[in-house]
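This report concerns only the one structure given below.
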Amino acid sequence: MEIRFLGIRHHGPGSCRNVVHALHHFHPDLILLEGPPEAEPLLSYIADQAMKPPVALLAYCPDDPQTAVFYPFAEFSPEWQTLRYATEQHIPIRFFDLPLIYALAVDKTKQHEEKVAETDEGEQHNVDEAIDTHDPFDHYARIAGYDDGEQWWDVEIESRRNATGIFEAVEEAITALREHLPERKERNLLREAWMRKIIRTAEKEGHEKIAVVCGAWHVPALVTMPKVKEDNERLKGLSKIKVDCTWIPWTYDRLSLYSGYGAGITSPGWYEHLWFNPADDGTLWVSHIAALLRKNGMDISVAHVIETVRLANATAALRNEAHPSLSDFNDAVMTVMGFGDDTLLRLIRHELTVGNRMGEVPDHVPKVPLVLDVERQMKKFRIPANTEVKKITLDLREPNDLAKSIFFHRLALLGIDMITPEESSGKGTFKENWSSYYKPEHILIVIERAIWGNTLAEATVKYVHHRAGQINGIAELTEMLEKVIPADLPDLVTAMTEQLDALSAVTTDIMQMMKAVPGLVHIVHYGNVRRLDYSSVEKMLHALLARIMAGGVLLCMHIDEEAAGEIWEQLSSVDYALATANDEELTMMWIETVRKINSSVHTHPLLSGYTARLLRDRELLSADDMQRVLRYYASVGNTPSDMAFWFEGFLKSSGTVLLIDEDFWKLINTWMASLHADDFMTLLPILRRTCGDFTPAERRKIGEKAQYGMDKNTDGMSDDVNFNPMEAEKVIPLIWKLIGIKNDE
């Protein structure tokens with residue numbers, strides 16, 4: 001019996017090519033591959049023509065889908081080519097890693113222990129993490145003069161064209177490393193004990209040739225077998241959890257090291273190129289770069305391509321390397337095509353070096369019903385799962401776009417953010433903007449929500465109803481109801497409306513009521529747009545506003561600046577919302593509320609000023625009333641800060657009134673000029689904050705107006721004290737003649 005250990009790096013094209021070569025020459029009668037045994041029933045899909053890498057095995061706990069693990073495969077992954085070889089040659093293959101029923105249970109226990117460690121011994125835990133994430137191949141990199149272990153492995157293993165004895169050399173190198181850096185991670189020790197157990201089982205079955213394909217780091221631990229008793233003791237008493245598996249599409253972006261994937265690589269697109277074009281001297285790769293740059297408007301010629309390839313090969317030769325590396329090509333591109341500027345490398349990295357490829361999985365792969373329903377609707381609406389952000393604009397007057405909108409809103413309610421809303425050109429219109437972007441992790445959210453129902457509509461209703469039942473504030477419930485209405489779930493809307501009605505009846509918090517008003521107005525208005533009946537919500541809105549009118553004055557009395565600022569925001573929101581409601585009764589109730597707040601002498605000056613502005617804009621505050629209020633705040637009994645707060649409220653976010661109302665301008669100018677220097681410095685922050693809300697144009701015009709002083713008019717024209725009316729009358733007949741008016745006098 002012969003066992004060959006093929007130590008690989010996950011997703012390495014050189015390792016992949018070496019494994020394929022070794023398997024064809026060794027002709028094993030059994031292959032043991034690092035992977036989860038629970039996924040073996042899914043291996044039959046490897047031969048399906050609809051299975052196109054990159055794809056991933058997803059293993060998850062049905063009771064807790066966030067407890068999950070992905071096993072990604074690209075076309076150039078050694079594991080994928082091993083699976084293809086076994087399928088095509090009809091050779092038995094087994095995943096021989098630690099079963100996930102144990103491994104995920106260990107991970108959950110570890111996560112709990114880490115949370116405890118973060119609480120009790122946070123500093124030490126962080127130090128341990130730093131040690132665990134250290135790349136052991138950095139040691140060889142320093143000896144050989146490379147930047148890091150990744151580069152060392154690329155040059156010495158992945159890029160080596162002569163693969164003779166490569167696996168033996170890898171085994172020897174890793175053995176030396178593990179003697180210097182013994183494995184201490186309990187999870188890896190458990191995995192290796194289980195791997196040895198499966199190897200022993202395969203030996204007892206009488207196989208003649210066994211090929212073991214696993215991560216290179218594990219090879220020394222599998223070649224040298226400890227006693228069976230030691231492995232059994234380590235594996236004894238492992239806890240279990242239930243695990244399900246499925247295939248899902250994957251992306252090069254998520255295969256990248258930058259995505260946080262533990263076994264990630266820096267350049268999936270480059271590795272794909274190496275796998276399919278092993279003999280390329282760089283001409284094809286640089287031609288792809290040139291085509292990309294031309295597509296983006298850059299003037300790249302054939303001469304640029306030739307010089308870039310020459311420079312990359314020359315650089316590799318100077319380093320005594322047989323072939324240029326990706327780093328050599330990047331340096332050459334930056335020098336020849338970018339003239340020393342590395343900006344274009346960002347585009348190349350995104351489009352080519354990492355790539356935007358996304359895999360495909362057959363429709364008949366076992367999936368939870370909710371996943372099938374979501375995928376069915378995405379196909380129905382022709383919405384592909386994109387690795388690029390795609391903008392979608394919907395016109396709700398079109399039946400198909402309206403159906404898409406309902407689908408998108410239901411996804412959003414479930415927290416599935418593969419399609420997210422964006423700002424459109426106004427509320428209550430027939431236009432909606434969305435953007436789509438697929439991440440493989442989205443499938444986990446869908447699976448997690450599957451406990452609420454087998455279809456998207458059913459799951460959305462039950463999930464939102466559950467969340468709504470935990471809400472005790474009418475503002476928060478109103479916000480959720482706003483999101484539910486476009487999802488076309490009438491039974492859920494009815495239930496939430498009844499809950500909102502019950503909550504509003506017992507709510508005594510005026511701030512909560514005011515926060516709810518804009519949402520309720522929007523619900524009523526949106527119902528009109530979609531021809532829905534929200535008369536009950538409209539009645540509720542009238543009742544809330546009546547209660548605000550009754551208690552709003554007390555809310556604004558005897559409060560500090562911070563509380564006044566919060567109340568101002570709510571008053572402003574309510575005023576804007578009611579202006580869009582176009583309801584005469586609501587408007588009258590709101591005006592009466594504003595009057596009461598404004599007339600109270602105990603109202604905070606900020607709110608008094610703001611309500612005065614609302615009344616003045618509606619021409620409900622006369623000039624005499626304004627004079628009386630201003631005299632009151634400018635009187636000796638009030639502090640300068642009271643006057644400053646009043647002005648801030650009155651001028652909130654608009655300085656136009658200072659430009660068009662001369663009487664008001666003179667009053668402010670007089671007050672400012674009368675301030676003592678110390679009082680002015682005290683009030684300066686408030687005054688700066690007030691003016692800071694004005695538009696740049698308003699600030700400029702106010703400054704121009706201020707520089708002329710009180711004796712100048714709004715046009716900057718001075719009143720000439722030597723003006724002689726008698727002399728002026730002499731020119732009038734001439735002016736009439738010039739403009740063609742006949743003077744009969």
Side-chain angles (χ1 to χ4, degrees), residues 9 11-17 52-54 74-77 146-148 150-151 153-155 158-161 250-259 261 264-359 386-390 437:
R9 182 179 68 169
H11 317 302
S15 293
C16 189
R17 193 169 289 106
K52 299 178 181 178
E75 192 76 38
F76 50 79
S77 300
Y146 295 101
D147 294 337
D148 51 44
E150 180 85 6
Q151 187 181 22
W153 184 277
D154 272 338
V155 175
E158 298 297 327
S159 300
R160 186 178 294 273
R161 298 296 174 91
W250 202 251
T251 66
Y252 275 178
D253 179 60
R254 302 307 291 174
L255 195 65
S256 168
L257 185 67
Y258 302 106
S259 70
Y261 168 47
I265 52 180
T266 57
S267 45
W270 165 248
Y271 279 7
E272 179 190 85
H273 175 79
L274 292 180
W275 171 251
F276 287 108
N277 306 280
D280 180 35
D281 65 348
T283 303
L284 183 58
W285 175 253
V286 178
S287 296
H288 290 326
I289 293 175
L292 173 64
L293 297 180
R294 290 191 197 106
K295 182 181 176 182
N296 284 272
M298 295 187 63
D299 187 13
I300 303 297
S301 67
V302 175
H304 284 99
V305 175
I306 295 172
E307 291 304 317
T308 300
V309 174
R310 285 177 177 173
L311 180 57
N313 280 274
T315 303
L318 289 173
R319 294 174 179 168
N320 200 28
E321 295 173 4
H323 309 282
S325 64
L326 177 62
S327 178
D328 294 328
F329 284 116
N330 285 342
D331 290 343
V333 167
M334 181 179 66
T335 302
V336 176
M337 299 181 182
F339 303 101
D341 186 358
D342 65 350
T343 303
L344 55 83
L345 292 182
R346 300 172 193 171
L347 174 65
I348 295 169
R349 178 187 174 276
H350 177 71
E351 296 287 340
L352 293 178
T353 307
V354 173
N356 54 11
R357 181 180 294 275
M358 180 175 172
N386 289 309
T387 58
E388 298 287 332
V389 176
K390 180 181 178 182
Y437 175 68

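As the structure is a prediction and not an experimental result, all values here were calculated from the model.
Asp253 and Thr251 are not linked by any side-chain donor-acceptor pair at a separation below 3.5 angstrom, with hydrogens and angles left out of the test.
Nearest heavy-atom pair across Pro53 and Arg357 is O-CD, 4.1 Å. Here the closest non-hydrogen pair linking Val286 and Val309 is CG2-CG2, 3.7 Å. Minimum heavy-atom separation, Gly282 to Phe329: CA-CZ, 3.3 Å. The two residues Ala332 and Ala312 have their closest heavy-atom pair at CB-N, 3.9 Å.
The aromatic rings of Phe76 and Tyr271 sit perpendicular, their planes meeting at an angle over 60°, well past the 30° parallel limit. Taking the six-membered ring for Trp and thresholds of 30 and 60 degrees, Trp285 and Trp270 have ring planes more than 60 degrees apart, a perpendicular arrangement.
Put simply, the side chain of Arg310 does not reach to within 4.5 Å of the side chain of Val336, judged on heavy atoms. Residues Pro268 and His11 have side chains not in contact (no heavy-atom distance under 4.5 Å, counting atoms from C-beta outward). The side-chain heavy atoms of His304 and Leu293, taken from C-beta on, include no pair separated by under 4.5 Å. Within the 4.5 Å cutoff, the side chain of His288 has heavy atoms near those of the Leu284 side chain.
Residue Asp299 qualifies as open at atom CG: its count of foreign heavy atoms under 6.0 Å is 12 or below.
The backbone N or O of Leu345 lies less than 3.5 Å from no partner atom in the side chain of Asn330, so there is not a single donor-acceptor pair. Looking at Asp328, its side chain does come within 3.5 Å of a backbone N or O of Ser325 through a donor-acceptor pair. In this structure, the side chain of Arg17 engages the main chain of Trp275 through a donor-acceptor pair within 3.5 Å. A side-chain donor-acceptor contact under 3.5 Å links Arg294 to the backbone of Ile300. Proximity of a side-chain donor or acceptor of Asp331 to a complementary backbone N or O of Met334 within less than 3.5 Å is not detected.
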Item to check | side chain to side chain contact (heavy atoms under 4.5 Å, CB included) assessment of Leu274 paired with Glu158 | outcome: CA-CA 10 Å; Leu274 292 180; Glu158 298 297 327; over 6 Å; no

Item to check | side chain to side chain donor-acceptor pair (under 3.5 Å) between Asp341 and Thr343, worked out | outcome: CA-CA 6 Å; Asp341 186 358; Thr343 303; 2.8 Å; yes

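Interatomic distance, Met337 CE to Ile348 CD1, rounded to the nearest 0.5 Å: 7.5 Å. Atom-to-atom distance recorded for Asp281:CG and Asn313:CG is 6.0 Å, nearest 0.5 angstrom. Atoms SG and CZ, from Cys16 and Arg9 in turn, are 12.0 Å apart once rounded to the nearest 0.5 Å. Here the straight-line distance linking atom NE2 of His350 with atom CG of Leu292 works out to 9.5 Å at 0.5 Å rounding. Remark: Ile306 CD1 to Ser287 OG distance equals 9.5 Å, nearest 0.5 Å. Expressed to the nearest 0.5 Å, how far OG1 of Thr353 lies from NE2 of His273 amounts to 11.0 Å.
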